[in-house]
Amino acid sequence: MNDSRVIPDGVLSVVMPVYNEENTIETIVRRVLERPEVGELLVINDASCDRSWERLQVFAGDPRVRLFDQDVNRGKGAAIIRGFAAATRPFVVVQDADFEYSPCDYPVLLEPLVTGRADVVYGSRFMGTPGRVRYFRHEMGNKLLTFLSNFFSDIHLSDMETCYKAFRREVIQNLKLGSQRFGIEVEITAKLAKGRELSIWEVPISYLPRRYDEGKKIGWRDGVAALMHIVRFNCFTGTESSFRKPWSEVLTREEAHAQ
């Protein structure tokens, strides 16, 4: 069983992309800041058309909160990439600005990283955790994309499209990323898979899916785009376009040997 007592306080940078989340943004930010593991929260407002940016000003004086405002809507991927580049804590995780993913799962995600067993941890929604009944076609679409990603990348995940991906900071900052929209999930996975020296783990997380009438944004067009991204990033992207430095320069010799 994972033991949250091994997680030091303040070791986590949380990257939160935001687009039109005025109904949830204040509550989810407070939930993130309640977690002792969180050392900084980087909120990237992707040119929201509602009052999201206004509501975020409540946290402008909090030393753990760093607010970024995109001048035009660039997409979830662009917001995440900006947050990754600005992160300063030893570990980094992506947090959506709604209630689908619970910050209470941070210790589960962090434990393999903190104990040195993993460089990357995926939080899987499909490893038998209880929760609200989900949309069948949406879940089957996720599983199909995960299967195709696994086939081309040759790593066996149960949930490639999960938001909850946690990283050692030097690992995620070593990836060359460019996807502007939801293709960022595919790109991250494909490029991590090319780093065979990396230790990638998967852990079960809780999940509370929201309905489309509650603001869910990803749709079938994003699924079709993901198919093209799977082929592109796995088959037509080399290591020179994937990594800033060789992994031997990023991981210590002892770490590489242990993995």
Item to check | Validation row, ring centre Y164 to ring centre Y122 under 6.0 Å | outcome: no
Next on the checklist: Please evaluate residues E111 and R117 with respect to the criterion salt bridge (charged side-chain N to carboxylate O under 4.0 Å, His left out), reporting the C-alpha separation (whole Å), side-chain torsions for both, the decisive distance (0.1 Å), and the verdict.
Outcome noted: CA-CA 9 Å; E111 193 270 342; R117 292 180 291 167; 2.3 Å; yes
Checklist entry - Under 3.5 Å, side chain of Q95 to main-chain N/O of V32, donor-acceptor pair present? => result no
Item to check | Joint hydrophobic cluster, F151 plus M228, side-chain heavy atoms closer than 4.5 Å | outcome: no
Checklist entry - Counting distance only, does the side-chain N/O of R55 pair as donor-acceptor with the main-chain N or O of E22 below 3.5 Å? => result yes
Item to check | Exam field: side chain R66 to backbone E40, donor-acceptor pair closer than 3.5 Å | outcome: no
Checklist entry - Can you find a pair of side-chain heavy atoms, one from L251 and one from L198, that are under 4.5 Å apart? => result yes
Next on the checklist: Does K76 form a salt bridge (charged side-chain N to carboxylate O under 4.0 Å, His left out) with E185? I'd like the steps, not just the answer.
Outcome noted: CA-CA 10 Å; K76 180 180 180 179; E185 312 291 1; 3.5 Å; yes
Next on the checklist: For T239, is there any backbone N or O sitting under 3.5 Å from a side-chain donor or acceptor partner on K176?
Outcome noted: no
Checklist entry - So, T162 side chain and S124 main chain: donor-acceptor pair closer than 3.5 Å or not? => result no
Checklist entry - Under the side chain to side chain contact (heavy atoms under 4.5 Å, CB included) test, which residues partner S48, sequence neighbours left out? => result V18, Y19, N20, N45, D50, S52
Item to check | Donor-acceptor contact present, side-chain R31 to main-chain S102, <3.5 Å | outcome: no
Checklist entry - Can any side-chain N or O of E202 pair as donor or acceptor with the backbone N or O of S158 at less than 3.5 Å? => result yes
Checklist entry - F91 and F167: ring-ring contact (aromatic ring centres under 6.0 Å, His included), yes or no, with the steps? => result CA-CA 6 Å; F91 309 107; F167 317 88; over 10 Å; no
Checklist outcome for this item: Exactly one of K165, R169, R168, E170 clears side chain to side chain contact (heavy atoms under 4.5 Å, CB included) with V92, and that residue is R169
Checklist entry - Under 3.5 Å, side chain of N73 to main-chain N/O of D46, donor-acceptor pair present? => result yes
Next on the checklist: Looking at every non-hydrogen atom in both residues, tell me the closest pair between D98 and T24 and how far apart they are.
Outcome noted: CA-OG1, 3.8 Å
Checklist entry - Judged by atom type as modelled, is there a donor-acceptor pair below 3.5 Å linking the side chain of K143 to the main-chain atoms of F126? => result no
